[in-house]
Undergrad: 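Have a look at this one.
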Amino acid sequence: FGRGVKSMKMSMAAKKRREGYTFILPGFIYMLVVLGYPLVYNFVLSFRNVNVKTFKGGTDVFVGLSNYIELFHNETFLMVFKNTFVFTIGCLVVQFTIGFIFALFFSKKFTLAGPIRGMILVGYMMPMSVTALLGKNMFDVSSGVINDLFMKLGLISAPVEWLLSGSTAMIAIIAVNCWVGIPFNMLLLTSGLTGISTEIYESAEVDGANPFQRFLYITLPLMKPAILSVLMLGFIYTFKAFDLMFVMTSGGPLNSTDVLGTYAYTLSFKQYEFSLGSTAAIILFACLFIVGLFYLRLISKEDD
């Protein structure tokens, strides 16, 4: 009788497992077609010499790592690679710092905390293309509100060509992206702060710990998993940025705001160097893949 009950439970478990696979299968096929095939095709394309001349005739040949070698010997690509890290690190530092300050501020209960936090989240909820258009208008040299505000405050004496100068265009784009990233950081970090018991702070206060000590020895250690998640997700979302630069500057002036995403698009769909564009995209994917592995390793260490 016991064996019969056990075999019945096993058959029921197998049936439920098959039902689960049945529900997962449509989504798996969709992801395989929409994401898997383009990724594999892009990877194969990066090892061939497909361009506007060889695309139609099918005369492209296998060239191995030549495309990768060519890109890493290209001064423009090296500048774009550097721009991607400058943009990503600049955004992470600013939006994480301000987002953390906002999270600490709004974790306190006070009047109008909810409405103010909701207003801050508007920037995160807006589509990036709309945000980019707003940023482009705000930093416009003739009618932009940024120049007007800075001139009224006496910070500048003449309008600054924010998006027309290589030295200021990246600053403008980082500022606009941070406007989107700060609410995202604030939201995730606030969730982490709410998970810390108030009893810990009360015990530390009774023991004589001042606010700075409570932040340093209680808040930061207990917030470590949330901080790692915010930094890694922020890095991934920022590193693969495309629409912000594409709308605001199209990578200009003189590639000063080009990142790997926009440069891969330019190579593929403006210069019709499809293999080089695929190579740039694969390099972008490889960087994110390495960061993802690093994040998983950190998480596994935390679990251990």
Side-chain angles (χ1 to χ4, degrees), residues 31 34-48 50 63-96 99 128 132 169-171 173-174 176-178 180-181 184-185 188 227-252 255-271 273-302:
M31 295 293 288
V34 175
L35 294 178
Y37 172 73
L39 182 62
V40 173
Y41 181 74
N42 205 54
F43 184 75
V44 172
L45 205 62
S46 68
F47 292 101
R48 306 189 72 84
V50 182
V63 294
L65 297 175
S66 297
N67 291 321
Y68 293 90
I69 295 171
E70 181 178 346
L71 279 185
F72 279 105
H73 283 83
N74 187 321
E75 292 184 1
T76 302
F77 174 79
L78 294 177
M79 183 176 69
V80 168
F81 196 69
K82 177 186 173 183
N83 289 345
T84 308
F85 280 96
V86 169
F87 170 73
T88 303
I89 294 172
C91 288
L92 280 182
V93 170
V94 174
Q95 65 194 24
F96 176 79
M128 184 59 79
M170 182 61 77
I171 296 174
I173 288 180
I174 289 175
V176 174
N177 190 74
C178 288
V180 179
F184 173 76
N185 282 255
L188 293 185
I227 290 172
L228 286 176
S229 299
V230 169
L231 289 176
M232 290 300 105
L233 290 174
F235 185 93
I236 291 169
Y237 292 152
T238 309
F239 197 83
K240 65 182 182 64
F242 170 79
D243 38 11
L244 184 64
M245 291 83 173
F246 186 77
V247 174
M248 285 188 67
T249 61
S250 297
N255 303 105
S256 60
T257 57
D258 248 334
V259 291
L260 285 173
T262 56
Y263 190 63
Y265 175 87
T266 300
L267 288 173
S268 296
F269 303 110
K270 289 186 177 180
Q271 300 179 12
E273 294 286 349
F274 302 112
S275 288
L276 288 177
S278 298
T279 305
I282 291 296
I283 293 171
L284 170 61
F285 170 78
C287 293
L288 295 179
F289 184 74
I290 292 170
V291 171
L293 290 178
F294 177 70
Y295 172 65
L296 291 175
R297 185 175 180 181
L298 288 177
I299 291 298
S300 63
K301 284 185 177 180
E302 289 293 325

Undergrad: Between the main-chain N or O of D258 and the side-chain N or O of T262, is there a donor-acceptor pair closer than 3.5 Å?
TA: no
Undergrad: How far apart are the closest heavy atoms of I174 and V86, and which atoms are they?
TA: CD1-O, 4.3 Å
Undergrad: At their closest point, which heavy atom of S66 faces which heavy atom of V63, and how far apart are they?
TA: OG-O, 2.8 Å
Undergrad: Say you draw a straight line from OH of Y265 to CZ of F242; how long is it, rounded to the nearest 0.5 Å?
TA: 6.0 Å
Undergrad: So, does S46 use its side chain to make a donor-acceptor pair with the main chain of T279 at under 3.5 Å?
TA: no
Undergrad: Between atom CZ of F96 and atom SG of C178, what is the distance when rounded to the nearest 0.5 Å?
TA: 13.0 Å
Undergrad: Can you label the angle between the F77 ring and the F72 ring as parallel, tilted or perpendicular, going by 30° and 60°?
TA: perpendicular
Undergrad: Contact between Y295 and L231 at the side-chain level, heavy atoms closer than 4.5 Å - yes or no?
TA: no
Undergrad: Specify the closest pair of heavy atoms between L92 and G234, including all atoms of both residues, with the distance to one decimal.
TA: CD2-C, 3.6 Å
Undergrad: Around atom CZ of F184, are there more than 12 heavy atoms of other residues, nucleotides or ligands at under 6.0 Å?
TA: yes
Undergrad: Using the ring-ring contact (aromatic ring centres under 6.0 Å, His included) definition, which of the options F81, F85, F87 pairs with F239?
TA: F85
Undergrad: Using modelled atom types only, decide if a donor and an acceptor are shared between the side chain of T257 and the backbone of G252 within a distance under 3.5 Å.
TA: yes
Undergrad: Between CD1 of I282 and CG of L71, what distance do you get to the nearest 0.5 Å?
TA: 12.0 Å
Undergrad: Tell me the closest heavy-atom pair linking N67 and R48, and the distance in Å.
TA: ND2-O, 2.7 Å
Undergrad: Can you tell me how far the CD atom of E75 sits from the CG atom of N255, to the nearest 0.5 Å?
TA: 11.5 Å
Undergrad: If you define the side chain from C-beta out and look only at heavy atoms, does anything of L276 sit under 4.5 Å from Q271?
TA: no
Undergrad: How long is the gap from OG1 on T249 to CD1 on I173, to the nearest 0.5 Å?
TA: 3.5 Å
Undergrad: Taking all non-hydrogen atoms of both residues, which atom of A280 and which atom of L260 are closest, and how far apart?
TA: O-CD2, 4.5 Å
Undergrad: Looking only at non-hydrogen atoms, find the nearest pair between A281 and N42 and report the distance.
TA: CB-ND2, 3.4 Å
Undergrad: With side chains defined as the heavy atoms from C-beta onward, is the minimum distance between N74 and Y263 less than 4.5 Å?
TA: yes
Undergrad: When rounded to the nearest 0.5 angstrom, what is the spacing between CE in M245 and CE in M128?
TA: 9.0 Å
Undergrad: May I ask you to test the V180-L244 pair for a side-chain heavy-atom distance under 4.5 Å?
TA: no
Undergrad: Should the pair F47 and F43 be assigned to parallel (<30°), tilted (30 to 60°) or perpendicular (>60°) ring geometry?
TA: perpendicular
